[in-house]
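Every chain is numbered from 1, with letters handed out A, B, ... down the list of sequences.
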Amino acid sequence: MADEALFQFLHSEIIQYINSAETGESENGRCVSKLENMGFRVGQGLIERFTKDTPRFKDELDVMKFICKDFWTSVFKKQIDNLRTNHQGIYVLQDNKFRLLTQLSAGKQYLEHAPKFLAFTCGLVRGALSNLGVKSIVTAEVSVMPACKFQVMIQKI
Amino acid sequence: MAVCIAVIAKENYPLYIRSVPTQGELKFHYTVHTSLDVVEEKISGVGKALADQRELYLGLLYPTEDYKVYGYVTNSKVKFVIVVDSSNASLRDNEIRSMFRKLHNSFTDVMCNPFYNPGDPIQSKSVFFCAHTLSIFYVTIH
């Protein structure tokens, strides 16, 4: 599938570009938040398209399930492997073979570069949720390379 | 056909509102504003069957003497309101549905436009185009 490769190339090129544009002390933090904001806007647009023909969501969990199944399949060609929640507004989405990390070597060598490759996706999820009326904070963590966990903290109004 | 079309944001402020008889525009603003209460009531779904409220199209919100007001709410809680002349009795439910469908398609295009800022009033030609075709329809019928 050609579009998959295009997305991956574009994504790594964006990271490369933003990384080279930022110089100085706080470069890494700035770079991550820029990518995150980019993802946010993309997520807002995408979810508008994906939910065009779906029935109205019942609750928060229904929204999360949609993100894990339909949204993830459309963007990353696979579903989230594991969704866990404490039923108090924290959701953990686990992907055992995250597509944007598969191009990086699986060892510990590039572990420090992983946050840059996850920032866009964090924003993507946050944007999607915010457009569906769920305000949240999304963080990501990686312990072993192609696997990663996204933690979604819902902000109660 | 349709005499007024409105797109209302999640936070209930108008993103886009156009009506065909431009002299009575304020009246339509009031009509659309009033309809928001009915929309709110319908999507909160008090004492309604679940299957009923899961559809995006809400159907007839309320009829007035001269007009009928129809509503539609997207998953992102953006509301569409279409006001139709009630003298036009031949208008079927699925025609209204397809009008909303078109409007929703145009709205998604606007949302996916990278130069559009979510939450800003819509000035894009896309929705205008859609509203335009609907109002042209109105002119040819009468």
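- Within a 6.0 Å sphere centred on OH of B/Tyr62, heavy atoms belonging to other residues, nucleotides or ligands number more than 12.
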Practice prompt. For side-chain contact (heavy atoms from CB on, under 4.5 Å), just list the numbers for B/Met99 and B/Ile96, CA-CA rounded to whole Å, side-chain angles, deciding distance to a tenth of an Å, and then say yes or no.
Written response: CA-CA 5 Å; B/Met99 281 203 262; B/Ile96 305 279; 3.8 Å; yes
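- Residues of residues 33-53 of chain A lying under 4.5 angstrom from chain B, judged on non-hydrogen atoms, are A/Arg41, A/Gln44, A/Gly45, A/Glu48, A/Arg49, A/Thr51, A/Lys52, A/Asp53 in numerical order.
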Worksheet entry | Test log, rule side-chain contact (heavy atoms from CB on, under 4.5 Å), inputs B/Asn12 and B/Lys79 | CA-CA 8 Å; B/Asn12 285 342; B/Lys79 292 116 187 150; 2.9 Å; yes
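- Surrounding CD of A/Gln8 are more than 12 heavy atoms belonging to other residues, nucleotides or ligands, all under 6.0 Å away.
- Atom NE2 of B/His29 has more than 12 neighbouring heavy atoms from other residues, nucleotides or ligands inside a 6.0 Å radius.
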Worksheet item: A/Leu100 and A/Leu118: side-chain contact (heavy atoms from CB on, under 4.5 Å), yes or no, with the steps?
Response: CA-CA 8 Å; A/Leu100 297 176; A/Leu118 297 169; over 6 Å; no
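- Separation of the B/Phe80 and B/Phe107 ring centroids falls under the 6.0 Å cut-off.
- B/Val73 touches chain A through backbone and side chain together, each having a heavy atom under 4.5 Å away.
- The contact between A/Ser130 and chain B is made entirely by backbone atoms, counting heavy-atom distances below 4.5 Å.
- Ranked by heavy-atom pairs shorter than 4.5 Å toward chain A, the options B/Asn75, B/Asn117, B/Thr108 are led by B/Asn75.
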